[in-house]
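Following: one structure in C-alpha cells, then a few remarks.
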Amino acid sequence: MSTPEQYMARAIQLAERGLYTTDPNPRVGCVLVKNDQIIAEGWHMRAGEGHAEVNALHQAGREAAGADCYVTLEPCSHFGRTPPCVDALINARVKRVFIAMSDPNPIVSGAGIKRLQDAGIEVHSDILASQSEKLNPGFCQLMRIGRPYVRSKLAMSLDGRTAMASGESKWITGPEARTDVQKLRARSSAILTGIGTVLADDPMLNVRPGQGDKGWYPSQQKVRQPLRVIVDGQMRIPEDARLLQQDRVLLATAVDKAAPGGIDSVVLPGEGDIIDLNALMAVLAQREVNEVMVEAGGVLNGALLQARLIDELVIYMAPKLMGDMARGVFHLPGMDTMAQNISLNITDMRAIGRDWRITAKPEYNEAF
C-alpha cells in the first residue's frame, strides 16, 4: 500500500512535465487513486487548456466516483481561462482530496478547500508542500508580494571573469552548460538583458531546444518563447539589433520617444542606461511575468543586486583563467568594508560537462 506522500510525489513528477509550457499558469499535477491503485493521471499542459484535475477526471471517467484525488496545488474555485476545478471534483463525486499546498494568492487561498469541505469531501493539505512550491517559485512569489522571481544566469571563469577586456566572451562554458541554459530560458516568463549586452553581443535570447541533448522539450508542444526585456535607459539600441526582429520584445527606457521598429516600450524613471528596476518589476508583474531570467553584464546585474531584486544566482563556472584585465561578474561600486559583502546560500552544486553549475541565493544584509 502506497502512502499519501508517494502518491503526491507522483503528482509532482507529472507537474514537472509542464515546466516549459504552462506559463503564466502554475505547473500542477494530479493523480486519482482507488482501491490503492492509480486509476488516472493528469497535468496542466498550457494556459487556456484543461487543468491537471480536469485532465485526470476525463481520463478516469465514471471511475472517478469514490476515488481519492492528489493534487499539487489547491484546486481553483473561480472562473479564469477555464471553469473552477472544485466544481469538476464535486460533480465527479470524489471521496477525498489531498493537496500539497494551498493557493498562494491570499485573496483566494483556502476558498477551494472550503468549497470541497462544504460539499462533504474530506480534505487533507500540506503534503510535500515545499517540493510543490519549488515547481512554481515565480507564481508563488508574484501572488504573495507582487513581484516576479528573478534568477540571474552567469557564466564565468574560475577567477571570476565573464569576458575579456575587449568584450569577447564566446565561449566561456562548454556545450553541455549552454544546453542547460536553454532549459532555464524555456522555463522563464521573461529574459532580461541590458543595452551593454545588446551592443556587445547582439543576442537573440530565444529558446533553441534543438541544441544539445534533444528530447528535453515536449515534442508535441510548440516552443514557447519568453518575453525579451531590454533595459536601455537612453534608447541606444540599433535599429538592426537581432532582438528587435523577435516576437514579444519590451524596451524599458527613460526616454519618451517612439522605440525603433515600433516595438513595445515602457518609459520609467532612470539615470544613464539603468532605469528604476523596482518600477520595471511592477510592470512585469502586471503582465503576469512569473519568472525573470537575467542574461546581462556586470552593470545590470550589479544594479539588480543593489536593488535587492535577485532571488537566485545560477553560475556556470568554467575551468579557465582569464586574467586581471578581464571583466568581472558584478559592478558594485561603494563596497568598501567586509560588512558590506553579500553572502550566498549555496543550494546546489553539480558538474555540467566540464563546467560546474552553482545555484545560490543572496543573503542581503542591512550594511549592503
Side-chain angles (χ1 to χ4, degrees), residues 4 7-8 10-19 21-34 38-129 131-133 135-144 146 189 285-290:
Y7 289 129
M8 191 63 76
R10 175 56 183 165
I12 289 172
Q13 286 181 333
L14 293 169
E16 289 174 342
R17 296 185 183 182
L19 186 64
T21 58
T22 67
D23 190 80
N25 287 357
R27 300 114 185 174
V28 182
C30 176
V31 297
L32 296 178
V33 177
K34 198 171 186 180
I38 293 178
I39 61 169
E41 299 181 334
W43 66 93
H44 184 43
M45 298 179 186
R46 190 178 289 273
E49 298 181 4
H51 287 192
E53 303 95 314
V54 172
N55 290 337
L57 290 171
H58 179 73
Q59 185 184 104
R62 293 181 180 180
E63 284 298 307
D68 291 337
C69 171
Y70 291 81
V71 62
T72 59
L73 184 67
E74 178 181 357
C76 61
S77 57
H78 60 283
F79 281 88
R81 295 180 177 90
T82 58
C85 290
V86 290
D87 290 349
L89 291 168
I90 292 169
N91 293 335
R93 295 183 292 117
V94 299
K95 181 180 180 182
R96 297 184 296 180
V97 176
F98 295 80
I99 299 168
M101 62 176 290
S102 61
D103 192 317
N105 187 341
I107 298 175
V108 299
S109 179
I113 293 174
K114 186 176 186 304
R115 285 275 303 280
L116 292 169
Q117 291 173 330
D118 288 347
I121 296 174
E122 186 179 326
V123 179
H124 301 268
S125 58
D126 197 22
I127 302 168
L128 302 186
Q131 292 91 323
S132 177
E133 177 144 356
L135 288 168
N136 300 294
F139 176 79
C140 291
Q141 179 157 293
L142 189 65
M143 291 295 103
R144 288 171 180 151
S189 313
Q286 291 173 355
R287 297 182 178 223
E288 294 187 294
V289 169
N290 293 326

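Because the structure is a prediction, the values reported are computed rather than measured.
Of all heavy-atom pairs between F139 and P104, the closest is CE2-CG, 3.7 Å. In terms of heavy atoms, A56 sits closest to G42 at CB-N, 3.8 Å. Taking both residues in full, the closest heavy atoms of A64 and L32 are given as CB-CD1, 4.3 Å, listed atom of the first, atom of the second, then distance. Here the closest heavy-atom approach between residue V86 and residue G112 is recorded as CG1-O, 3.6 Å. Contact between L57 and A92 at its shortest, heavy atoms only, is CD2-CB, 3.7 Å. Residues L14 and G29 come closest through the heavy atom pair CB-CA, 4.2 Å.
Once rounded to the nearest 0.5 Å, the distance linking CZ of R10 with CD1 of I38 reads 6.5 Å. Here M8 contributes atom CE and I127 contributes atom CD1; the two are 4.5 Å apart, rounded to the nearest 0.5 Å. Taking CG from N136 and CD from Q141, the interatomic distance works out to 12.5 Å, rounded to the nearest 0.5 Å. For the atom pair CE (M101) and CG (L128), the distance works out to 12.5 Å, reported to the nearest 0.5 Å. Rounded to the nearest 0.5 angstrom, L116 CG and C69 SG are separated by 8.5 Å. Separation of atoms CG (L89) and CZ (R115) is listed at 10.5 Å; rounding is to 0.5 Å.
Q59 contributes a side-chain N or O that, together with a main-chain N or O of E41, makes up a donor-acceptor pair within less than 3.5 Å. Judged purely by atom type and a 3.5 angstrom limit, K34 has no side-chain atom pairing as donor or acceptor with the backbone of G66. Counting only distance, with no hydrogens or angles, the side chain of H44 and the backbone of G50 share a donor-acceptor pair below 3.5 Å. Counting only distance, with no hydrogens or angles, the side chain of T21 and the backbone of M45 share a donor-acceptor pair below 3.5 Å. At least one donor-acceptor pair closer than 3.5 Å links the side chain of E74 to the backbone N or O of I113. Of the possible donor and acceptor atoms, one in the side chain of S132 sits under 3.5 Å from a partner among the backbone N and O of T72.
Residue-environment remark: NZ (K95) stays at or below the threshold of 12 foreign heavy atoms within 6.0 Å.
Of the N and O atoms on the side chains of S189 and D23, at least one donor lies less than 3.5 Å from an acceptor on the other residue.
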Checklist entry - Would E122 and D68 satisfy side-chain contact (heavy atoms from CB on, under 4.5 Å), going step by step from the backbone distance to the final call? => result CA-CA 9 Å; E122 186 179 326; D68 291 337; over 6 Å; no
Next on the checklist: Between V33 and I39, is the side-chain contact (heavy atoms from CB on, under 4.5 Å) condition met? List the steps.
Outcome noted: CA-CA 6 Å; V33 177; I39 61 169; over 6 Å; no
Item to check | From CA spacing to verdict: side-chain contact (heavy atoms from CB on, under 4.5 Å), I121, V94 | outcome: CA-CA 7 Å; I121 296 174; V94 299; 4.0 Å; yes
Checklist entry - Does the pair L73 and I99 meet the rule for a side-chain contact (heavy atoms from CB on, under 4.5 Å), with working shown? => result CA-CA 6 Å; L73 184 67; I99 299 168; over 6 Å; no
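Using a 4.5 Å heavy-atom cutoff, the side chains of R144 and N105 are not in contact. Looking at heavy atoms from C-beta onward, C30 lies out of side-chain contact with W43 at the 4.5 angstrom threshold.
F98 meets the ring pair (Phe, Tyr, Trp, His ring centres under 6.0 Å) test with Y70, H124; sequence neighbours excluded. Not counting sequence neighbours, R93 has no partner by the side-chain hydrogen bond (donor to acceptor under 3.5 Å, both in side chains) test.
Remark: E16 does not engage R27 in a salt bridge, criterion side-chain N to carboxylate O under 4.0 Å.
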